[in-house]
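Below, all heavy atoms of this structure are taken into account, side chains as well, without hydrogens, waters or symmetry copies. Per chain, numbering begins at 1; letters A, B, ... match sequence-line order.
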Number of protein chains: 2
Amino acid sequence: MSLRHAVLGLLVDQPASGYDLMKRFNTSLANVWPATQSQVYGELARLADNGLIDVAAEGPRGRKEYTLTDTGLAELQRWLIEDKPEPRRSSALLRVFFIGVLTPEQAADYLARAAEQAAADQAALRQLQDSLDWTEPGQLTVNGRLALEYGLRLYAMQEEWAHWAAGQLTSATD
Amino acid sequence: MSLRHAVLGLLVDQPASGYDLMKRFNTSLANVWPATQSQVYGELARLADNGLIDVAAEGPRGRKEYTLTDTGLAELQRWLIEDKPEPRRSSALLRVFFIGVLTPEQAADYLARAAEQAAADQAALRQLQDSLDWTEPGQLTVNGRLALEYGLRLYAMQEEWAHWAAGQLTSATD
DNA sequence: TGGTACATGTAAGGGGTTACATGATTAA
DNA sequence: TTAATCATGTAACCCCTTACATGTACCA
């Protein structure tokens, strides 16, 4: 149930409406925890019911601006420290498991495209890194840099692995 | 919708009952695509309805042994080649984004534990690698090796990153 | 004969995605 | 005045998890 904690985290020090939050989800968290509008509004209602957030102000067009309560902040901290990460599913790895049903040519092509994709993703992240304004300090930018570096390292690893795996397949076919 | 393709993949060249499949999910695919008994039986019924698998034999205790049909194999191959990987969610990265709400000590502790966890996961995978019998060739073992290597590289990267991130935080706090 | 392994299924509830539905405010 | 932006909400459908429910075959 991490959507709830993503919402809480985005409200730390920055009160926002559901509409505002959607923008933050679509920019800062796009590569980390995507969420849809329908999900966010539902979760906001639930969090308010449970006292983890408050409606601090109402504006035009029915705008409701939410703030984090003490209870909400405590829950966010608890989650950060206590909760164990859930088991991960990887459709990419699942494909690798079954790559044997393809012809050697198709398999080689698949791995080549995987390597290209990883390289492209890495380039896109690097561009994002260059485009962001790192001059003004703040929690999101500092921690965003850590997350961004994780992404860069992940894509680099994926690219190297795909090349290695392609080599393994060709040597096995010989 | 990858569960469907996991089931199809596990049935390639190896007819099985739902019970058999559960064993394969809990061993070969445990770290790649976990599935529950209730999911597997439901999916088998749906796949049979859609003609992607057939009941090839019935045994004691109501056992139904399924085989892949030509349509099923074709669908598996199509998925391998055509389908794009879905956007990934990472609760680990989400935590990193919000690590600023912890005290510096708590944050350092969190990253230290993340590094330890990655090291432990890597060690567990290496043990699995050593314990498996690689002598008998077969698609699953060959491709399983590729997937295993991916896991080893991923955990290594996570460990290195956690150490680096811890360094970033301490230098920022100074 | 009694326990373990084999074997299949259903139900309830949570979370996610897509699509639908509606309306107010602002700026050109 | 009209188009873009702001703003919230609901409904249907799919996937996943947990728990419940039932019964058969085999082996010691």
Side-chain angles (χ1 to χ4, degrees), chain A residues 1-8 10-11 15-27 29-50 52-53 55-66 79 83-91 94, chain B residues 1-8 10-11 15-27 29-50 52-53 55-66 79 83-91 94:
Chain A
M1 213 193 347
S2 291
L3 169 69
R4 136 164 295 162
H5 300 103
V7 170
L8 292 175
L10 288 177
L11 288 176
S17 65
Y19 191 86
D20 294 336
L21 283 182
M22 276 317 295
K23 279 193 270 184
R24 297 185 195 168
F25 269 104
N26 290 329
T27 53
L29 290 189
N31 298 299
V32 172
W33 202 271
T36 62
Q37 179 251 32
S38 135
Q39 254 183 303
V40 168
Y41 281 105
E43 193 61 47
L44 282 171
R46 238 169 288 131
L47 286 168
D49 277 351
N50 299 347
L52 301 183
I53 60 178
V55 177
E58 306 209 7
R61 279 164 295 204
R63 173 188 174 92
K64 283 181 265 183
E65 200 168 69
Y66 294 95
W79 170 74
D83 264 27
K84 301 275 175 187
E86 318 108 50
R88 60 228 142 250
R89 286 190 166 82
S90 166
S91 62
L94 190 59
Chain B
M1 213 190 352
S2 291
L3 170 70
R4 137 164 295 162
H5 300 102
V7 170
L8 293 176
L10 287 176
L11 288 176
S17 66
Y19 192 86
D20 294 336
L21 283 182
M22 275 317 296
K23 280 194 269 183
R24 298 185 194 169
F25 269 104
N26 290 330
T27 54
L29 289 189
N31 298 299
V32 172
W33 203 272
T36 62
Q37 178 251 33
S38 135
Q39 255 183 301
V40 167
Y41 281 105
E43 193 60 47
L44 283 170
R46 237 168 288 130
L47 286 168
D49 277 351
N50 298 348
L52 300 182
I53 60 177
V55 177
E58 307 210 7
R61 281 163 298 205
R63 174 188 174 93
K64 285 181 262 184
E65 200 168 70
Y66 294 95
W79 170 74
D83 264 27
K84 300 275 175 187
E86 317 108 51
R88 61 224 143 252
R89 286 190 167 81
S90 166
S91 63
L94 189 59

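The distance between atom CZ of B:R63 and atom P of C:dA5, rounded to the nearest whole Å, is 17 Å. One atom, OH of B:Y41, and another, C1' of D:dT18, lie 17 Å apart when rounded to the nearest Å. Rounding to whole angstrom units, CZ of residue A:R4 and P of C:dG14 are separated by 11 Å. For B:L21 and C:dA7, the CG to C1' distance is 13 Å, given to the nearest whole Å. Rounded to whole Å, the distance from CZ on B:F25 to P on D:dC15 is 14 Å. Look at CG on A:L44: it is 10 Å from C1' on D:dT8, rounded to the nearest Å. In this structure, CD of B:E58 is placed 16 Å from C1' of C:dC6, rounded to the nearest angstrom. Summarising the geometry, the separation between CD on B:Q39 and C1' on D:dC14 is reported as 11 Å, rounded to the nearest angstrom.
For A:Y19, a side-chain nitrogen or oxygen approaches OP1 or OP2 of D:dC6 to under 4.0 Å. Side-chain N/O atoms of A:R89 include one lying less than 4.0 angstrom from OP1 or OP2 on D:dT17. One finds no side-chain N or O of A:R61 lying less than 4.0 angstrom from the OP1 or OP2 phosphate oxygen of C:dT25. At D:dT5, none of the side-chain N or O atoms of A:K23 fall inside 4.0 Å of OP1 or OP2 (strictly under the cut-off).
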Could you please spell out the steps behind the side chain to side chain contact (heavy atoms under 4.5 Å, CB included) verdict for A:R63 and A:D20? CA-CA 10 Å; A:R63 173 188 174 92; A:D20 294 336; 2.7 Å; yes
Trace of the side chain to side chain contact (heavy atoms under 4.5 Å, CB included) decision for B:V40 with B:R24: CA-CA 11 Å; B:V40 167; B:R24 298 185 194 169; over 6 Å; no
Take A:W33 and A:L10, measure what side chain to side chain contact (heavy atoms under 4.5 Å, CB included) needs, and give me the verdict at the end. CA-CA 12 Å; A:W33 202 271; A:L10 288 177; over 6 Å; no
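Comparing A:W33 and B:G62, the nucleotide of DNA chain C nearest to each residue sits closer to the 5' end for B:G62. Comparing A:P60 and A:S38 by the nucleotide of DNA chain D whose heavy atom lies nearest to each, the residue mapping closer to the 5' end is A:P60.
Comparing atom distances between the A:M1 side chain and each of C:dG15, C:dA7, C:dT8 picks out C:dG15 as nearest. Comparing D:dA7, C:dT17, D:dC16 by their nearest atom to the side chain of A:T36 picks out C:dT17. With C:dT8, C:dG16, D:dA7 as the choices, the nucleotide that has an atom nearest any side-chain atom of A:L3 turns out to be C:dG16. Among the nucleotides D:dA7, D:dG9, C:dT8, the one closest to any side-chain atom of A:K64 is D:dG9.
A donor and an acceptor atom sit less than 3.5 Å apart, one in the side chain of A:Q37 and one in the base of D:dT8.
Between A:V7 and A:F25 there is a side-chain heavy-atom pair separated by less than 4.5 Å. Side-chain contact between A:R4 and A:L52: present, with at least one pair of heavy atoms (C-beta onward) separated by less than 4.5 Å.
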